[in-house]
Enquirer: 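Dropping a structure here in structure tokens format, bear with me for questions.
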Amino acid sequence: MVRLNLKKAAYLQRKLSELVITKDMFNKPIKYIAGVDVAYRKKYAIGVAYILDYDKVEPLTYSVYIVESKVPYIPTYLAFREIWPMAGALLKLKIKPDITLVDSHGLIHPRGFGAATHLGVVLNLPTIGVAKSPLVGKVDKDGYIHVNNKRVGYKFSPKLYISIGHRVSLESAIEIVKHVLRNSIPEPTRLAHIKANEMKYKISME
DNA sequence: GCGACAG
DNA sequence: ATCTTGTCGC
């Protein structure tokens, strides 16, 4: 297991956060939307990217990328652990998504650079963060989440936190996530999560 | 110093 | 997130 240099990692997050775009810079109308998630099995990290038709909200195809997991999970540094499995799966897709939902926070992060944002900036892809539990920030009476005096996210429910990832406005992020909701759960990441767990048992040795 | 802390 | 079976409830 690698040990992160938290000092440098935090510096990188703060530095790269200057590149985040919080305006809509994705293809309209959206035709393809992706959902990415990572599961773990022994020494392996299994990244899955699922592509769905945006209008119909129906699955089209998916890709799997398995790699050895060497970075530990440390709160607020999740991206360093999951970015390669996620990026590997995304880059294997034959259909390029217009926007991607990531199972983590985007700008709802102490240094404004959660995993969803990190992935978006590194791959220069429009991303939205969809997490199941809070990390930081204050929720106002309307449900909006503020971090460092900036409105960057929205608490849709106690189990769903939406935030700007990269190249998308908060308003659009909320609208897009609502569009692909199925039983209060975003369908793209739900399918990616199911597939990633399914793949865990298809790994032969250890 | 103490507690909290995405997946 | 992972390690793990059955079981309670709508």
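None of the values given here were measured: they were computed from a predicted structure. Proteins get letters first, then strands, A, B, ... in listed order; numbering begins at 1 in each.
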Enquirer: Phosphate oxygens OP1/OP2 of C:dT2: is one of them under 4.0 Å from a side-chain N or O of A:Lys200?
Expert: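 So the side-chain polar atoms of A:Lys200 do come within 4.0 Å of the phosphate oxygens OP1 or OP2 of C:dT2, strictly under.
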Enquirer: Using atom CD of A:Glu68 as one end and atom C1' of C:dA1 as the other, report the distance to the nearest whole Å.
Expert: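 Taking atom C1' of C:dA1 as the reference, CD of A:Glu68 is at 18 Å.
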Enquirer: Looking only at atom types and distance, does a side-chain atom of A:Ser163 sit under 3.5 Å from a main-chain N or O of A:Gly106, one as donor and one as acceptor?
Expert: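 Yes, A:Ser163 side chain to A:Gly106 backbone: donor-acceptor pair under 3.5 Å.
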Enquirer: Under 4.0 Å from OP1 or OP2 of C:dT2: is there any side-chain N or O of A:Asn197 that close?
Expert: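 Looking at the OP1 and OP2 atoms of C:dT2, one of them is under 4.0 Å from a side-chain N or O of A:Asn197.
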Enquirer: Going by the angle between their ring planes, with limits at 30° and 60°, are A:His118 and A:Phe80 parallel, tilted or perpendicular?
Expert: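 Plane angle over 60°, so perpendicular.
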Enquirer: Is the side chain of A:Arg167 donor-acceptor paired with the backbone N or O of A:Ile21 at a distance under 3.5 Å, no angle test?
Expert: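 No: the side chain of A:Arg167 does not pair with the backbone of A:Ile21.
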Enquirer: Could you give the NE2-to-C1' distance, from A:His105 to B:dA6, as a whole number of Å?
Expert: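 It works out to 5 Å between those atoms.
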Enquirer: Side chain of A:Arg81, heavy atoms from C-beta onward: which of B:dC5, C:dT2, B:dG7 has the nearest atom to it?
Expert: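 Of the candidates, B:dG7 comes closest.
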Enquirer: Base, sugar-phosphate or nothing for A:Pro134? Non-hydrogen atoms, less than 4.0 Å.
Expert: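 A:Pro134: backbone/sugar contact only, no base atoms under 4.0 Å.
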Enquirer: Send over the distance from A:Phe156 CZ to B:dA6 P, rounded to a whole Å.
Expert: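 From A:Phe156 CZ to B:dA6 P: 22 Å.
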Enquirer: Give A:Phe80 one of three labels, base, sugar-phosphate or nothing, depending on what nucleic acid heavy atoms sit under 4.0 Å from its own.
Expert: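 Nothing: the residue A:Phe80, judged by heavy atoms under 4.0 Å, touches no strand.
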Enquirer: To the nearest Å, how far apart are A:Phe113 CZ and B:dG7 P?
Expert: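 So the two atoms are 19 Å apart, to the nearest Å.
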Enquirer: When you compare the ring of A:Tyr73 with the six-membered ring of C:dA1's base, are the centres less than 5.5 Å apart and the planes under 30° from each other?
Expert: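 Per 5.5 Å and 30° rule: no stacking.
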Enquirer: I need the CH2-P distance between A:Trp84 and B:dG7, as an integer number of Å.
Expert: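 Those two atoms, CH2 and P, are 22 Å apart.
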Enquirer: Check this one for me: any side-chain N or O of A:Arg41 less than 4.0 Å away from OP1 or OP2 of C:dC3?
Expert: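 The answer is yes; a side-chain N or O of A:Arg41 sits under 4.0 Å from OP1 or OP2.
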Enquirer: Cut-off 3.5 Å, side chains only: do A:Tyr154 and A:Glu171 have a donor facing an acceptor?
Expert: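 No, because no side-chain N or O of A:Tyr154 sits under 3.5 Å from a partner of the opposite role on A:Glu171.
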Enquirer: Scan A:Ala115 against the nucleic acid and name what it touches under 4.0 Å (heavy atoms): base, sugar-phosphate only, or nothing.
Expert: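 Base: the residue A:Ala115, judged by heavy atoms under 4.0 Å, touches a nucleobase.
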Enquirer: State whether A:Lys132 places a side-chain N or O below 4.0 Å from either non-bridging phosphate oxygen (OP1 or OP2) of B:dA6.
Expert: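 No, because none of the side-chain N or O atoms of A:Lys132 sits under 4.0 Å from OP1 or OP2 of B:dA6.
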Enquirer: C:dA1 C1' sits how many Å from A:Lys70 NZ, rounded?
Expert: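 Checked: the NZ to C1' distance equals 19 Å.
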Enquirer: Any donor-acceptor pair under 3.5 Å linking the side-chain atoms of A:Arg111 with those of A:Ser17?
Expert: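 No donor-acceptor contact under 3.5 Å links the two side chains.
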Enquirer: Does a side-chain N or O of A:Ser133 approach OP1 or OP2 of B:dC5 to a distance below 4.0 Å, or not?
Expert: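 For B:dC5, OP1/OP2 do not have a side-chain N/O of A:Ser133 under 4.0 Å.
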Enquirer: What is the distance, to the nearest angstrom, from the OH atom on A:Tyr161 to the C1' atom on B:dC5?
Expert: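 So the OH-C1' distance, A:Tyr161 to B:dC5, works out to 13 Å.
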Enquirer: Could you give the NE2-to-C1' distance, from A:His193 to B:dG7, as a whole number of Å?
Expert: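 Nearest whole value for this atom pair: 9 Å.
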